[in-house]
Structures are given as structure tokens and as C-alpha cells.
Amino acid sequence: MNMAEVDKVEPELEVRNLKMHFPIRAGLLKKTVGHVFAVDGVSFSIGRGETLGLVGESGCGKSTIGRTILRLYKPTAGSIHVGGKDITHLSANELTSVRQKMQMIFQDPYGSLNPRFRVSELIGEAYRVHSGDENWEDHVANLLDKVGLQPDHMRRYAHEFSGGQRQRIGIARALAMSPRLIVADEPVSALDVSIQAQVINLLDSLKDEFGFSCLFIAHDLSVVEHIADRVAVMYLGKMVELASDRELYQDPKHPYTQALISAVPKPEAGAKRRDRLILRGDVPSPINPPSGCRFHTRCPHVLDECRTIEPNFNEISPGHWVACHLHSETST
Amino acid sequence: MSTELALEVSGLKTHFMTPEGRVRAVDGVDMKIGKGRTLGVLGESGSGKSVTALSVMQLIESPGKIVEGRIILDGRDILAISEEEMREVRGKDISMIFQEPMTSLNPVYTLGDQIAEVFMVHRGFSRAAALDGAANMLEQVGIPSPKARIHEYPHQFSGGMRQRAMIAMAIACEAKLMIADEPTTALDVTIQAQIIDLLLNLQDDLGMSMMLITHDLGVIAETSDDVVVMYAGQVVEHVQINQLFENPAHPYTQGLLASIPRLGAKFSTGKQPLKEIPGIVPNLIRLPPGCPFADRCNHVMARCREERPPLFKLSDTHGARCWLQESEAISD
Amino acid sequence: MNNMSSESKLEETHLDYKPSMTSIVLKRMWQLRMGVFGFVLVLVLGLSAIFASQVATHDPLEQDILARLTPPSFLEGGGSTYFLGTDQLGRDLYSRIIYGARISLTIGLSAVLVSMVIGVLLGLAAGYFGGKIDAVVDFLVNAMLAFPFILLAMTLVIALGASMENIIIALGLSNWPIFARVTRIETMKLREQEFVLAAVSQGLSHLRIILKHILSNLAAPLLVIATVEIARAIIRETFLSFLGLGIQAPTPSWGLMLAEGRDYMLTIWWLSTLPGFAIFLAALGINLVGDALRDLFDPHMRKG
């Protein structure tokens with residue numbers, strides 16, 4: 001899907017200046033002593049049938065974005081539009097119908113499936129409740145087939161399956177109500193390497209078949225780049241770069257993106273002792289983020305203004321957005 | 001070619017007697033680590049890689065038992081020594097670092113105290129000297145303001161810092177062999193790059209040999225000189241690092257290499273589905289007769305299901321446990 | 001379409017290699033042999049309670065004044081008519097103990113049922129919704145726990161009268177906090193599990209999530225606690241009866257029998273000792289079963 005096409009059709013998901021701050025309570029009276037600035041002003045959109053990859057390290061807020069979009073949290077500020085509809089302030093009741101159209105695939109194949117439920121219930125419960133379809137089990141059987149499991153697995157319990165198979169069950173569950181948007185939160189991170197490829201390929205083929213839009217969240221840049229059409233990079237609650245998969249890899253603009261790409265270990269001969277951009281220091285805490293550009297404490301190209309002025313998230317070339325003073329329109 | 005060996009494992013078998021049956025976690029494993037070199041142990045869950053490391057340290061607890069084998073460290077078989085003598089070996093001759101620094105560090109003692117303990121127990125230092133030594137260690141692993149930080153508790157350190165602290169504890173006695181079990185798996189990729197760098201530098205400075213266990217082919221590429229690939233409790237291939245990527249002999253190794261997404265591959269060859277390895281890791285209690293990889297192998301022959309292949313020697317530094325290699329094998 | 005998972009094919013193959021169900025069950029039963037013993041005890045008592053009329057030798061209320069205070073048949077002076085002797089009104093002790101099992105087990109089970117219903121409902125609400133509801137329940141729990149049980153039960157019985165129903169209510173009302181506490185903690189843990197989040201994301205109602213997703217996972221810990229509480233309820237009924245606030249004469253409750261035999265302890269010791277022994281066996285059996293259930297559920301949950 002090229003960029004021009006994406007612009008013409010209304011995006012499936014549009015997020016504007018989204019903020020999600022979690023209060024930290026302490027003491028007997030549970031006073032608010034601070035906030036975790038998990039997501040601090042993020043804007044992006046996902047087109048119909050498009051997959052946007054979201055990468056970043058711990059504390060960057062990528063998982064929080066995924067959950068906030070699904071209204072598992074109520075955003076602190078900003079807006080979320082799904083299929084053109086503003087869902088930012090909808091009540092729990094009003095969300096019931098919206099929820100069917102946006103689903104999540106979770107990271108943990110063990111914690112995300114209720115151990116007391118049979119597979120048929122796990123996959124079909126919400127579908128049955130919302131649609132009232134008497135033949136819901138046929139629908140479940142069909143879904144099981146689509147994800148590469150046997151229909152008679154319906155009778156079994158989750159613990160009888162391996163990690164990879166459980167993820168397939170989770171994927172079937174996410175597809176049950178034919179959603180238009182799927183948020184995949186680290187769907188393969190907890191799986192063995194040899195199983196990851198199976199699930200990644202499955203997701204790819206299901207995307208082709210069902211045509212849903214996807215927000216693919218992961219910390220593994222190689223996986224994200226493989227599966228996504230566009231990729232966004234997060235750092236400490238901010239989006240620092242957003243570009244097509246090719247452009248991000250071949251021409252990364254933000255120093256953090258460059259460091260990230262360089263840090264990914266290369267599974268090839270001669271990789272030992274290769275030249276790398278090694279970032280110094282640790283990721284600061286999202287409770288007390290640095291002033292100005294959040295990345296300035298570790299940036300190899302830091303300028304004076306980076307310490308005090310937050311850079312804007314600007315489109316520096318069609319489809320390529322960066323938040324960095326090195327690339328702002330005003331810099332020389 | 002006679003190279004001195006830091007460690008030699010011969011015919012190691014570690015089995016767990018569970019109510020459901022005997023789990024053959026490590027079932028006849030041979031490994032050699034050259035002095036000053038890094039042996040990468042590549043394997044997924046159920047491969048037996050961690051159990052091998054624990055067996056070397058003799059930290060296997062009931063219902064597990066080392067039932068056979070020899071482990072030669074600096075000329076003596078440490079499986080034949082008493083527990084008291086083994087306690088001397090642990091920490092002083094072999095050090096170990098783990099995946100989760102949070103659970104390996106005692107939360108109620110300061111970091112200084114924990115590192116100092118190693119000095120006091122193994123080198124007979126006084127408390128004051130030991131604390132000085134601890135600060136030195138923290139400096140060597142790149143923790144800023146070490147003299148202040150020895151008085152802090154583990155929870156006051158970030159993930160990367162804790163891992164450095166654990167490495168500091170491990171090198172305190174200048175053990176000649178370090179076993180690192182998934183040391184970077186729980187870390188962010190930019191921090192992982194720092195830790196890999198640290199380990200390689202320490203190796204140079206201290207002349208340390210290392211056994212590095214991981215499932216990540218990229219990490220193996222960036223750290224190891226020699227590699228051993230494990231599957232279902234056996235070594236299926238041992239090879240020098242460059243040959244691993246240029247000329248893998250075992251179908252499992254080949255399958256792993258083909259199935260991982262690689263950054264940038266999409267843009268040179270166009271997006272292809274990843275080449276999956278079908279199936280799942282077999283049940284270690286009742287391994288089928290023959291090669292444990294037979295069910296998942298693209299090149300499986302009738303013989304593979306009946307007879308377990310021996311490790312065929314392909315060169316002085318390359319061996320593979322596969323019937324396909326029989327014709328290529330050279331004699332000892 | 002290459003979605004066909006050979007994983008599922010493999011799974012079938014490996015199922016052939018599993019050791020037989022019987023051998024696993026037998027091994028388990030040996031590991032939990034104390035629990036099996038306890039279960040046998042409970043089973044014997046339970047069956048006696050249900051089939052009391054068949055197992056007992058006499059009518060527990062029938063008096064035979066001429067034969068009062070007969071020793072048990074295995075002691076000097078005892079006869080064959082009254083297996084465990086007679087009490088001060090000539091009633092067969094053995095039959096009274098058998099019928100007493102029925103009383104005690106009924107009280108024990110019913111009281112725990114009452115506690116459980118109250119406690120679980122409050123605990124679910126507190127654990128799931130948190131906030132003000134949690135604060136209120138927390139206060140109620142702490143208030144109730146501060147009250148000495150005896151005082152509470154006594155007050156209730158005096159106010160309502162000493163019938164079996166009222167005793168059950170008194171015992172039930174005084175013991176719900178323990179169920180509320182456990183339910184609350186477990187609910188809070190479960191609420192954080194991703195499968196609950198998944199249910200929320202699918203637009204399922206809170207009621208459904210609480211009743212189907214959370215409650216279904218509470219069965220194990222609640223069962224363990226419930227067994228222990230049944231034993232405790234039986235013993236508490238004994239206290240009440242001792243104080244004259246329990247089951248009233250002539251109904252054969254073990255506690256009442258203990259109290260009635262108090263005056264004769266030094267000479268006609270069997271009047272109190274034998275019912276006391278029955279109480280001991282019941283409590284022991286139930287506790288052993290509870291322990292075994294706890295062991296049974298723990299490793300299972302770890303495995304999953």
C-alpha cells in the first residue's frame with residue numbers, strides 16, 4: 001500500500017497527542033506523589049489493512065499505547081479515533097460494540113488464556129455473547145482451522161498445548177469477532193526461536209486473508225521490520241521517528257534509531273567485534289524524564305538546545321517523521 | 001593442533017526422575033572450551049543448555065542427578081571431588097552469571113556487602129579490604145561512582161546496572177572460567193550491546209574463558225569463537241563461529257538460520273515468508289528412538305527414525321550428529 | 001494453505017508415549033497417603049451420618065433407665081446389647097454418636113456454606129472493584145475479626161434462640177471474614193492476569209467476568225479453606241454446646257454429649273471421652289483431606 005493511497009482513505013486508527021500518565025500513590029492516605037509519564041504526547045495513524053510496527057525499549061510506552069488505544073485505560077489527554085469514531089471518552093457500555101472491532105493478541109501464552117476454560121469457550125465466548133449465534137461452535141471450528149489447529153482441539157484445555165499453539169489460540173480468539181484493528185503486543189517474544197517463524201508467518205497470511213489493520217508492538221526490531229509496512233520508534237513516552245520500513249532501515253534520521261539498529265546483534269559471520277554505536281548510560285526513568293529532548297542524556301550528537309527545548313515531531317520528507325533538533329526545519 | 005582446554009565435558013548425562021518418568025535433560029554431551037576462548041552454547045527451551053551449565057557447577061537438585069560423565073577443569077575431574085572441594089571451585093575457579101539479575105542478587109544486602117563476601121570467603125580479605133575490592137570491581141564493570149554505589153541495594157539499580165553488578169561479583173575472584181546463562185536475554189537491546197562489549201573486554205583483560213549460553217543467533221555471532229548447538233539434550237553440531245553461518249551441517253542449525261528474520265533482508269530479496277521449522281520440541285520423557293529431530297526434519301530418512309546418529313567428524317573443528325553427514329565424515 | 005500445523009500431528013504421536021493414567025494416579029495417592037487416610041475417615045463418618053438408621057443399633061432417644069451407665073462392651077461390666085455402653089438416661093452411646101455425626105456434619109457444612117456465600121460475595125466485590133467498596137469491606141472484615149468468636153456466637157444464639165438453624169447462622173455469620181479475605185486477595189491477583197484483560201477487551205460485562213472468569217479460578221483455594229473451616233465449625237459447635245448455647249437436649253450432638261458427661265469424667269469417663277474421640281476423628285480426617293487438597297492443587301498450578 002503506497003503512501004498516496006493511505007491518505008485518500010480514512011485511516012482505521014488515528015491517535016492525536018495521546019497522553020497516558022499513571023499516578024504514583026504512596027503513604028497511608030494514598031496521596032499522589034508523582035506520575036509515570038508512560039505515554040506523553042504521541043500522534044500517528046494506521047490505514048486500512050496496514051501494519052504499523054512499534055518498537056522501543058523498556059519504559060518507552062509502547063505496550064501502554066496498545067492498551068490505551070483499546071481503551072483498557074482511560075487516556076489522560078489526547079484523542080483516539082477508530083474507523084472515524086471518537087472513542088476517547090466513551091463509557092464502558094458505549095464501548096461494548098466498539099470493542100468487538102478492535103482486539104488484542106497478548107504476549108504471554110500462559111497468562112492470557114483462562115486455565116479453567118475449554119478452547120471453544122476461550123475462542124468463542126465473546127462471539128457467542130455478542131452475536132447470539134447458536135452455531136457458534138462451527139465458527140470456532142473454522143477459526144481453529146485458520147490458525148492451523150484441529151477443530152477437535154475445541155474440547156481441550158489450554159494447558160494441554162505448547163506455547164506456540166497457545167498463541168495460535170489467542171490469535172483465533174482475536175479474530176473471532178472479525179475485528180478491523182488488531183493490536184499485537186509482543187506476540188512472539190515469549191516463544192522459542194524456531195516457533196516464532198511459524199507464528200509470524202501465520203500472522204502475515206491472516207493479515208492478507210482478513211485484511212485487518214495491525215499495530216505490531218515488539219522490542220525486536222528484526223521481527224517488526226519483517227512484518228510491518230511502516231515502523232515507529234518510541235523512547236520514554238515519545239515517538240522519535242516514524243517512516244516506511246525501508247526508509248527507517250536505510251536512512252534512519254534519529255540518533256536513537258541509529259543506535260538501535262546498530263545494537264541489534266547480527267547473526268552472521270564476522271560479527272564479533274564489529275564497529276557499533278554503543279550508547280552510554282541507562283534509559284532514564286519515565287517518572288522523571290529528562291528536560292528538553294528526552295534522549296539528550298545519551299545522544300552522541302547532543303546540541304545545546306536539546307537540553308531545554310523539546311523537539312517537535314515533524315514530517316521532514318513525505319511519510320518520514322522525526323523529533324530531533326538535528327533535523328528540524330529551523331536547524332542549519 | 002594442541003590447544004589447552006579450560007574445560008572439557010565428556011559424555012555428560014543429567015536425568016530428572018519425575019513421577020511421570022525419567023526426563024533425559026542432558027543425554028550424552030561433549031564440550032570443549034579452549035583457554036581464553038568463548039564457547040557459545042546455542043539452544044532453545046528443552047535443549048538442555050542450562051542443565052548442562054548447572055551440571056558443571058554441580059548445582060543440580062533432586063529429582064535431578066548427574067548419572068554419567070566427566071567434567072575436567074584444569075586437569076582434574078570435578079565430578080569426582082567432594083562437595084567441600086566443589087564449594088572452593090565455585091566462585092574461585094568457575095564463576096556464573098544468570099539471566100535474571102534481580103533474583104540472583106540478595107535484595108536485603110547492599111551490593112558492596114555481596115561482592116565483599118566473595119573476597120572474604122575465597123581470598124580471606126578483611127572487611128575493609130573486601131569493600132575496597134568491591135568498589136574496584138564495580139569500576140571495572142563500568143558502574144559510575146562506585147565508591148558511593150557499593151552502599152546501595154539491588155533495587156536501586158537499573159536492569160543493566162544489576163547485570164554489571166552480577167558480573168562484578170563473578171569476576172571478583174578472577175575465575176578463569178565464566179559461565180554466562182542467557183546474560184542479556186532480559187535486557188534491552190542497547191543495554192545488551194553494552195554488556196556484550198563489557199564481557200568481551202573483560203575476557204581480554206583477565207584472560208578468561210567463557211561458556212555463553214543463549215538462544216539468540218545474533219548474540220552467538222557477536223560473542224563466540226566456537227559454537228555447540230544443542231537439541232533435546234544432545235549436541236547436534238559443534239563448529240567454529242564462521243563456519244556456523246557459512247556452512248552449517250545439521251538440518252536443525254540450517255533451519256534455525258533460515259527461520260530468523262534479519263534486518264534489511266526484506267529489501268534485498270523482497271519480502272518472503274520465513275522458512276519455518278515445523279512441529280515442536282519433543283517430550284524429553286519418552287524420546288522416540290532415533291534422531292530427536294526426525295519429526296521436524298526436511299531431509300529425514302527411514303534410518304533417522306530408527307537409529308540415533310553418532311557425532312560425525314567433518315573436520316578438526318566441525319562435527320554434526322546427522323546421518324546425512326555419514327558420507328562426508330572423516331575418521332579420527 | 002500451509003496453516004496446517006504439524007504441531008498438532010506431533011502432539012498425537014507423543015500422547016502414545018505417556019505412562020498409563022493408573023500408574024500416575026497410584027503414585028499420587030501414595031504421595032498423598034495422609035490425605036487418603038483422612039478421606040477414608042471422613043467417608044466413614046459421612047456414610048454413618050447418612051445411613052444412621054441402618055448403622056445405629058438403637059433409637060438414640062430411647063431410654064433404658066435400668067441399664068443406665070453401662071460400660072462399653074470391651075470393658076469390665078459391659079454387655080453385648082450396648083456396644084459402647086449407655087449414658088445417664090440409659091440411652092445407647094454408640095447410636096447417639098452415630099446420630100451425632102449427622103448433626104455435627106450438617107452443622108459444619110451448613111455453617112461453612114453460610115460463611116462462604118457472604119464472604120465470597122464481599123471478597124469478590126472488594127477485590128475486583130477496589131476503591132471505596134474495598135475500603136468498606138476491609139473495615140467490616142477488621143471489625144468482625146476484632147470480635148471474639150464466642151461473644152459473637154453467644155450473642156446471636158441468645159438473641160435468636162438455640163435451635164439448629166440459629167446455631168448454623170451464628171457460626172456462619174461469625175466466620176465469613178476468612179473467606180472474604182482469601183477471596184479478596186485471590187481476586188486481586190486474578191484481576192491482574194492477562195486473561196481477565198482479554199475478557200475486558202472483548203467487551204464482556206463485569207458481572208460475567210467476575211462470575212465466570214474469576215470465580216472459576218477461585219474454586220481451588222476456596223475448597224482448601226472450606227475443608228479446614230468445616231472442622232473448625234464442628235469444634236465451635238462443641239464450645240457452644242458446652243456453654244449450653246448449642247444443640248439442646250435430648251438431640252444427640254457430640255458437643256452436648258461432652259458437656260453432659262462432664263460430671264462423670266473421673267469414673268464414667270466414656271460418656272465424654274468417646275464423643276470427644278469422635279470429634280477428634282472428624283476434625284483430623286477433614287484437616288488431612290484439606291492438607292492433601294492443598295498439596296494437590298499447588299504443584300498442579302505450578303505445572304500449568
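Proteins get letters first, then strands, A, B, ... in listed order; numbering begins at 1 in each.
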Just so I understand: if I count every heavy-atom pair under 4.5 Å between each of A/H219, A/R246, A/K266 and chain B, which residue has the most? A/R246
Please name the pair of heavy atoms, one in B/E222 and one in A/V264, separated by the smallest distance, quoted to 0.1 Å. OE2-O, 4.2 Å
On a heavy-atom basis, the closest approach of B/K266 and A/A228 is NZ-O, 2.9 Å
Separation between CG (B/L217) and CD (A/E268), nearest 0.5 Å, reads 11.5 Å
d(B/I191 CD1, A/I278 CD1) to nearest 0.5 Å is 10.5 Å
Which heavy-atom pair separates B/T223 from A/K272 by the least distance, and what is that distance? O-NZ, 3.0 Å
From CG (B/L263) to OG (A/S262), nearest 0.5 Å: 10.5 Å
Checking B/Q272 against chain A: side chain, backbone, both or neither under 4.5 Å from a heavy atom? backbone
Just so I understand: if I count every heavy-atom pair under 4.5 Å between each of B/Q243, B/R262, B/Q192, B/K275 and chain A, which residue has the most? B/R262
All heavy atoms of B/Q194 vs all of A/L279, minimum pair found to be NE2-O, 2.5 Å
So which atom in A/R276 and which in B/A193 form the shortest heavy-atom distance, rounded to 0.1 Å? NH2-O, 3.7 Å
Hey, could you give me the NZ/CG distance between B/K271 and A/D204, rounded to the nearest 0.5 Å? 3.5 Å
Nearest-0.5 Å distance that lies between atom CD1 in B/I280 and atom CG in A/D192: 10.5 Å
Sort B/N201 into side chain, backbone, both or neither according to what part of it lies under 4.5 angstrom from a heavy atom of chain A. both
Close approach to chain A in residues 180-187 of chain B, criterion heavy atom under 4.5 Å: none
Okay, side chain of A/E57, backbone of B/T190: is any donor-acceptor separation there less than 3.5 Å? yes
Got a donor-acceptor contact below 3.5 angstrom from the A/E225 side chain to the B/G264 backbone? yes
Could you state the interatomic distance from CG (A/D220) to CG (B/D216), rounded to the nearest 0.5 Å? 8.0 Å
Interface residue of largest heavy-atom contact number with chain A, from B/L200, B/D197, B/V219, under 4.5 Å: B/L200
What part of A/R298 gets within 4.5 angstrom of chain B, counting heavy atoms only: side chain, backbone, both, or neither? side chain
Below 4.5 Å from any heavy atom of chain B, which atoms of A/I261 appear? Answer side chain, backbone, both or neither. both
What are the two closest non-hydrogen atoms of B/S259 and A/V193, and how far apart are they? OG-O, 4.4 Å
A/N201 side chain vs B/P273 backbone, donor-acceptor pair below 3.5 Å: no
Given heavy-atom pairs under 4.5 angstrom as the criterion, report whether the side chain, backbone, both or neither of B/L256 touches chain A. side chain
